[in-house]
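Hydrogens, waters and symmetry mates are skipped; everything else that's a heavy atom, side chains included, is used.
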Amino acid sequence: MREQYHRQLEQLHTELLQMGALCEEVIAAAAEALRECSPEMAARVRGIEEAIDRKERDVENLCLKLLLQQQPVARDLRKISAALKLISDLERIGDQAADIAELTPFLAETRSEDMESVRDMARTACRMVTESVESFVEQDLELAHAVCTEDDEMDALFVQVKNTIVRLLQENQAQGEAVLDLLMIAKYFERIGDHATNVAEWVEYVVTGVHPQLN
């Protein structure tokens with residue numbers, strides 16, 4: 001029975017890493033759709049999002065099986081319970097990447113230099129997701145804290161985007177719709193950073209037994 005339990009825990013690690021890898025892939029694809037303003041890449045993003053949804057169900061089923069059949073205690077219990085929470089954040093990352101990809105074809109006329117801060121947000125979001133999932137699987141508290149610090153960088157980039165949008169509207173109000181789409185994309189990347197931070201905060205709960213937002 002204990003051997004099966006350890007196999008299931010290893011499977012949970014693997015499934016979470018795979019879900020995290022899919023999230024990295026979907027953000028990279030959304031960033032490429034943003035760069036190319038490509039409807040074809042937007043369709044690819046939707047396919048990856050569907051794979052993330054399936055992986056969420058797989059992880060949820062495995063966590064419930066572990067809780068019901070193995071009755072874990074202490075740190076293992078915290079880890080499995082936290083995994084149930086964080087897969088919701090990872091699923092939302094997939095949703096928001098798909099939302100980004102759907103908006104990108106409308107930015108074809110936007111100048112490349114005006115989108116640089118949004119591209120920086122895409123790179124930061126991908127890094128935060130990668131590090132947050134790795135910190136959870138490895139129970140690396142230092143890496144989790146680094147992700148939370150990077151959220152400040154993401155917020156600063158969002159401010160840069162808003163400043164760019166104000167300037168663009170002042171220069172040409174006729175492009176208002178495209179500018180608002182750019183703002184929405186930036187907001188989605190900012191939310192992806194928030195979800196990665198949520199994952200990192202669950203690492204602190206697993207390692208210490210205390211969640212920083214639930215004290």
Side-chain angles (χ1 to χ4, degrees), residues 1-28 51-97 121-158 189-215:
M1 180 67 76
R2 299 307 296 175
E3 183 178 344
Q4 180 186 10
Y5 174 54
H6 289 300
R7 282 201 307 270
Q8 288 174 322
L9 284 178
E10 285 299 320
Q11 183 184 353
L12 177 59
H13 293 173
T14 300
E15 297 280 359
L16 287 170
L17 282 173
Q18 290 174 351
M19 191 172 182
L22 285 169
C23 288
E24 291 177 58
E25 185 179 354
V26 82
I27 296 169
I52 291 172
D53 290 344
R54 291 192 296 272
K55 186 63 68 175
E56 180 193 25
R57 292 192 291 271
D58 291 343
V59 174
E60 183 178 43
N61 289 336
L62 178 57
C63 287
L64 292 175
K65 186 182 297 184
L66 278 161
L67 290 172
L68 293 172
Q69 295 179 355
Q70 305 294 348
Q71 298 180 339
V73 296
R75 190 158 170 163
D76 283 347
L77 176 60
R78 294 200 302 271
K79 187 169 188 178
I80 296 164
S81 301
L84 283 168
K85 297 286 188 180
L86 74 88
I87 58 174
S88 176
D89 282 296
L90 295 179
E91 189 272 337
R92 289 296 297 143
I93 287 170
D95 289 345
Q96 284 153 358
M121 292 185 78
R123 288 188 284 268
T124 301
C126 191
R127 184 175 69 248
M128 290 177 70
V129 170
T130 300
E131 292 175 349
S132 64
V133 174
E134 181 182 345
S135 72
F136 186 85
V137 172
E138 301 298 330
Q139 298 185 27
D140 186 333
L141 193 55
E142 183 176 349
L143 186 57
H145 288 162
V147 173
C148 295
T149 299
E150 287 169 332
D151 193 45
D152 294 333
E153 176 185 343
M154 181 68 87
D155 291 342
L157 287 169
F158 185 58
F189 278 126
E190 191 261 346
R191 287 296 299 141
I192 288 172
D194 289 342
H195 289 301
T197 301
N198 290 346
V199 172
E201 288 174 346
W202 283 112
V203 176
E204 184 164 345
Y205 168 73
V206 172
V207 174
T208 68
V210 177
H211 191 289
Q213 299 298 324
L214 300 179
N215 290 335

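- Residues S135 and V203 share a closest heavy-atom pair of OG-CG2, 3.3 Å.
- Between I87 and L16, the closest side-chain pair of non-hydrogen atoms falls below 4.5 Å.
- Put simply, the side chain of L77 does not reach to within 4.5 Å of the side chain of Q71, judged on heavy atoms.
- Scanning all heavy atoms of the two residues, the minimum distance from E91 to D95 falls at OE2-OD2, 2.9 Å.
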Donor-acceptor pairs are to be reported for all side-chain atoms of residues 54-67 against protein atoms at under 3.5 Å, with residues two or more places apart or in another chain.
{"from": "K55", "atom 1": "NZ", "to": "E15", "atom 2": "OE1", "distance (Å)": "2.8"}
{"from": "K55", "atom 1": "NZ", "to": "Q18", "atom 2": "OE1", "distance (Å)": "2.7"}
{"from": "N61", "atom 1": "ND2", "to": "R57", "atom 2": "O", "distance (Å)": "3.2"}

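- Closest approach of C23 to V129, counting heavy atoms only: CB-CG1, 3.7 Å.
- In this structure, L90 and I52 approach most closely via the heavy-atom pair O-CG2, 4.0 Å.
- Taking CD of Q8 as the reference point, atom CD of Q69 lies at 6.0 Å (rounded to 0.5 Å).
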Identify each donor-acceptor pair in which a side-chain atom of residues 189-198 lies under 3.5 Å from a protein atom, sequence neighbours left out, and give them as a table.
{"from": "E190", "atom 1": "OE1", "to": "K187", "atom 2": "NZ", "distance (Å)": "3.1"}
{"from": "R191", "atom 1": "NH1", "to": "D194", "atom 2": "OD2", "distance (Å)": "2.8"}
{"from": "H195", "atom 1": "ND1", "to": "D89", "atom 2": "OD1", "distance (Å)": "2.7"}
{"from": "H195", "atom 1": "NE2", "to": "Q96", "atom 2": "NE2", "distance (Å)": "3.4"}
{"from": "T197", "atom 1": "OG1", "to": "G193", "atom 2": "O", "distance (Å)": "2.9"}
{"from": "N198", "atom 1": "ND2", "to": "D89", "atom 2": "OD1", "distance (Å)": "3.0"}

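- Looking only at side-chain heavy atoms (C-beta outward), L141 and T208 come within less than 4.5 Å of each other.
- A perpendicular orientation is assigned to the rings of H211 and W202, their planes being inclined by more than 60° (bins at 30° and 60°).
- Checking side-chain atoms of S88 against main-chain N and O of L84 turns up no donor-acceptor pair under 3.5 Å.
- In this structure, F136 and A83 approach most closely via the heavy-atom pair CZ-N, 3.8 Å.
- Atom CG in L22 sits 10.5 Å away from atom CG in D53 (nearest 0.5 Å).
- Inter-residue side-chain proximity for H13 and K79 is flagged as met; some heavy-atom pair is nearer than 4.5 Å.
- Atoms CE and CE, from M154 and M128 in turn, are 5.5 Å apart once rounded to the nearest 0.5 Å.
- Across all non-hydrogen atoms, the minimal contact from V26 to A97 is CG1-CB, 3.7 Å.
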Practice task
Could you go through the side chain to side chain contact (heavy atoms under 4.5 Å, CB included) check for I80 and L9 one step at a time?
Solution key: CA-CA 9 Å; I80 296 164; L9 284 178; 4.1 Å; yes
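- At distances below 3.5 Å, not a single donor-acceptor pair connects side-chain atoms of S81 with backbone N or O atoms of R78.
- Once rounded to the nearest 0.5 Å, the distance linking CG of L157 with CE of M121 reads 6.0 Å.
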